[in-house]
Amino acid sequence: MIEWFTYAQIAVAVAGGLLCVVLGLAGRKPSDLTMGATALVFVLLIAQLVVAIIAPAVGNQATGSVPEFYVYLISAIILPLAGGFWALVERSRWSTVVLGVVCLAIAVMLYRMLQIWTVQGA
């Protein structure tokens, strides 16, 4: 993992999560804005997957458990897909809140992945 990229992802996920939760609690149904915020988090996760695959080949080895890292990463990739599907199927204010919770959960998972990659085995 690249530390600055991970912190940027966490910032985007927290911002998107707070946006979605606030809009959902205000009664807004899923919109292009909330779906787009979740989609941006998803695209950044795909970029993180590419980085995680390439990084060991160029000398950036994980210090912790590699299988645990990839379980977190694949789970994090599945979350916005599931949340987005939910928001498309059930167009209610709570779907927008679910999108926000998904983004906030991904922020926590990204921080944990950074800890596994950089600190855990050191």
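Keep in mind that this is a model prediction, so the values were computed, not measured.
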Side chains of residues 99-106: which donor-acceptor pairs under 3.5 Å do they make with residues two or more places apart or in other chains?
none

Without placing hydrogens or testing angles, list every side-chain donor-acceptor pair under 3.5 Å for residues 50-61, not counting sequence neighbours.
residue	atom	partner	partner atom	Å
Asn60	OD1	Trp117	NE1	3.0
Asn60	ND2	Met1	O	3.1
Gln61	NE2	Pro56	O	3.0

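Partners of Leu40 according to the side-chain contact (heavy atoms from CB on, under 4.5 Å) rule, which considers only residues two or more places apart in sequence or in another chain, are Val12, Leu44. Checked against salt bridge (charged side-chain N to carboxylate O under 4.0 Å, His left out), Glu68 has the following partners two or more places apart in sequence or in another chain: Arg112. Residues that satisfy the side-chain contact (heavy atoms from CB on, under 4.5 Å) test with Val108, not counting sequence neighbours, are absent from this structure. Among residues two or more places apart in sequence or in another chain, the salt bridge (charged side-chain N to carboxylate O under 4.0 Å, His left out) test is passed with Arg93 by none. Not a single side chain to side chain donor-acceptor pair (under 3.5 Å) links Ser75 to another residue, sequence neighbours left out. Partners of Arg91 under the side-chain contact (heavy atoms from CB on, under 4.5 Å) rule, at least two apart in sequence or in another chain, are Pro30, Leu88.
The other residues sharing a hydrophobic cluster with Leu23 are Leu19, Leu33, where clustering joins ILVMFWY side chains under 4.5 Å apart.
Residue pairs satisfying the ring pair (Phe, Tyr, Trp, His ring centres under 6.0 Å) criterion with at least one member in residues 71-107, sequence neighbours excluded, are absent. Evaluation of the ring pair (Phe, Tyr, Trp, His ring centres under 6.0 Å) test over residues 2-33, restricted to residues two or more places apart or in two chains, returns none. Residue pairs meeting the salt bridge (Lys or Arg N to Asp or Glu O under 4.0 Å) criterion with at least one member in residues 17-46: none, sequence neighbours excluded.
When side chains are defined from C-beta on, Leu79 does not count as touching Phe42, because their heavy atoms never get closer than 4.5 Å. Between Met113 and Thr6 there is no side-chain heavy-atom pair separated by less than 4.5 Å. Side chains of Val119 and Leu114 form no contact here, defined as non-hydrogen atoms less than 4.5 Å apart.
Clustering ILVMFWY residues whenever any of their side-chain heavy atoms sit less than 4.5 angstrom apart, transitively, puts Val14 in a cluster other than the one holding Met35. Under the 4.5 Å side-chain heavy-atom criterion for grouping Ile, Leu, Val, Met, Phe, Trp and Tyr, Val66 is connected to Leu110 within one hydrophobic cluster.
For the pair Gln9 and Leu45, the tightest heavy-atom approach, listed with the atom from each and the gap, is NE2-N, 3.6 Å. Summarising the geometry of Cys20 relative to Thr38, their closest heavy-atom pair is SG-OG1, 4.3 Å, with the distance given to 0.1 Å. Contact record, Ile77 with Leu81: O-CG, 3.7 Å, taken as the closest heavy-atom pair.
Between atom CD1 of residue Ile2 and atom OG1 of residue Thr118 there is a gap of 13.0 Å, rounded to the nearest 0.5 Å.
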